[in-house]
Amino acid sequence: MITLCHINDIEEGTSKGFEIGNKYVFAVKKDAQMYLYYNYCPHLGTPLEWQEDRFLDSDGALIQCSTHGALFLIETGQCILGPCKGKSLRAIPFVMGNGFMMVDEEYVARLGRI
Ligand code: FES
C-alpha cells in the first residue's frame, strides 16, 4: 500500500491528480467523501483533466473529460452525457486510515485499457 494524500490535502468540491508508477489516477472530494478513479477516459483513453488537478466541470458537480466534454457522476464514475454515455470511469479501490488515502500500487500497475 502507498499513501496518496491526506483527506485535508484536497478541498471540498475539488480534485487532484496523482502518478503511481507510470499510471495516472485522480481523487475527488465531495460532501466530505473521497472518490478515486483511473485517469483514462472510456471514450478514447485520454487523460481527463484540462489543467493540472482540474477534473471537474465549472460548478464542481460532475467529472468532465476535457477532450470531448463527456460528463461523469462523481459518486459512481458513470458517464451520463457525451460520446461514452453509459460507460464508466474505472474506480480504484482505496482504504482510508487516520485520514490518509492509501492504494495498492500493484493493482494500479495492472491497469490497462478499459
Ligand atoms: S476522449 Fe473523453 S470524451 Fe472523448
Side-chain angles (χ1 to χ4, degrees):
M1 285 285 197
I2 58 167
T3 299
L4 280 187
C5 64
H6 191 271
I7 189 168
N8 294 337
D9 294 338
I10 303 181
E11 284 186 36
E12 173 64 31
T14 69
S15 54
K16 186 169 177 59
F18 300 93
E19 182 179 358
I20 303 170
N22 59 351
K23 299 287 168 56
Y24 295 87
V25 304
F26 66 97
V28 181
K29 185 173 169 183
K30 182 181 180 191
D31 298 332
Q33 294 292 315
M34 300 289 271
Y35 302 90
L36 188 67
Y37 292 103
Y38 188 22
N39 185 5
Y40 184 103
C41 182
H43 180 214
L44 294 181
T46 60
L48 290 112
E49 74 271 42
W50 54 280
Q51 277 181 12
E52 189 176 358
D53 296 334
R54 305 296 291 270
F55 291 85
L56 304 181
D57 64 354
S58 56
D59 54 7
L62 296 163
I63 296 164
Q64 184 166 36
C65 178
S66 59
T67 304
H68 305 111
L71 293 168
F72 304 85
L73 297 175
I74 291 172
E75 294 84 352
T76 63
Q78 187 186 4
C79 179
I80 55 166
L81 196 72
C84 42
K85 186 174 176 186
K87 293 187 177 177
S88 291
L89 298 171
R90 173 81 70 89
I92 308 290
F94 63 91
V95 293
M96 297 298 295
N98 291 331
F100 289 95
M101 185 178 219
M102 293 172 280
V103 298
D104 177 354
E105 68 269 49
E106 290 174 18
Y107 177 92
V108 174
R110 287 195 297 270
L111 291 169
R113 286 182 55 83
I114 292 179

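All figures in this text were calculated on a predicted structure; none of them were measured in a lab. Whatever order the structure lists ligands and atoms in, that order sets their numbers, starting from 1.
With hydrogens and angles disregarded, no donor-acceptor distance shorter than 3.5 Å links the side chain of Gln64 to the backbone of Phe72. In this structure, Tyr107 contributes its side chain and Pro93 its backbone to no donor-acceptor pair below 3.5 Å. A donor-acceptor contact shorter than 3.5 Å links the side chain of Asp53 to the backbone of Gly17.
Listed by number with element, the atoms of ligand 1 under 4.0 angstrom from any heavy atom of Thr46 are 1 (S). Of all atoms in ligand 1, numbered sequentially from 1 with element shown, those under 4.0 Å from a heavy atom of Thr67 are 1 (S). Close approach of ligand 1 to Pro83 (heavy-atom distance below 4.0 Å) involves ligand atoms 3 (S). Remark: ligand 1 atoms within the under-4.0 Å shell around heavy atoms of Leu44 are 1 (S). Ligand-side atoms of ligand 1 in range of Ala70: 3 (S), range being under 4.0 angstrom from any heavy atom.
Screening Asn8, Asp9, Thr14 for a side chain to side chain contact (heavy atoms under 4.5 Å, CB included) involving Glu11 leaves a single residue, Thr14.
Within the 4.5 Å cutoff, the side chain of Thr76 has no heavy atoms near those of the Ser88 side chain. A heavy-atom distance below 4.5 Å is not found between the side chains of Thr67 and Cys41.
Contact annotation for Cys84 and ligand 1: no heavy atom of the residue comes within less than 4.0 Å of the ligand. The proximity of His43 to ligand 1, defined as any non-hydrogen pair under 4.0 Å, is limited to the side chain.
Of the candidates Ser66, Gly45, Cys65, Pro42, Cys65 brings a heavy atom nearest to atom 2 (Fe) of ligand 1.
Atom ND1 is the N/O/S atom of His68 found closest to atom 4 (Fe) of ligand 1.
The aromatic rings of Phe26 and Phe55 lie parallel to each other, with less than 30° between the two planes, well short of the 60° mark.
Within the structure, the closest approach of Gly82 to ligand 1 does not fall below 4.0 Å when heavy atoms are considered.
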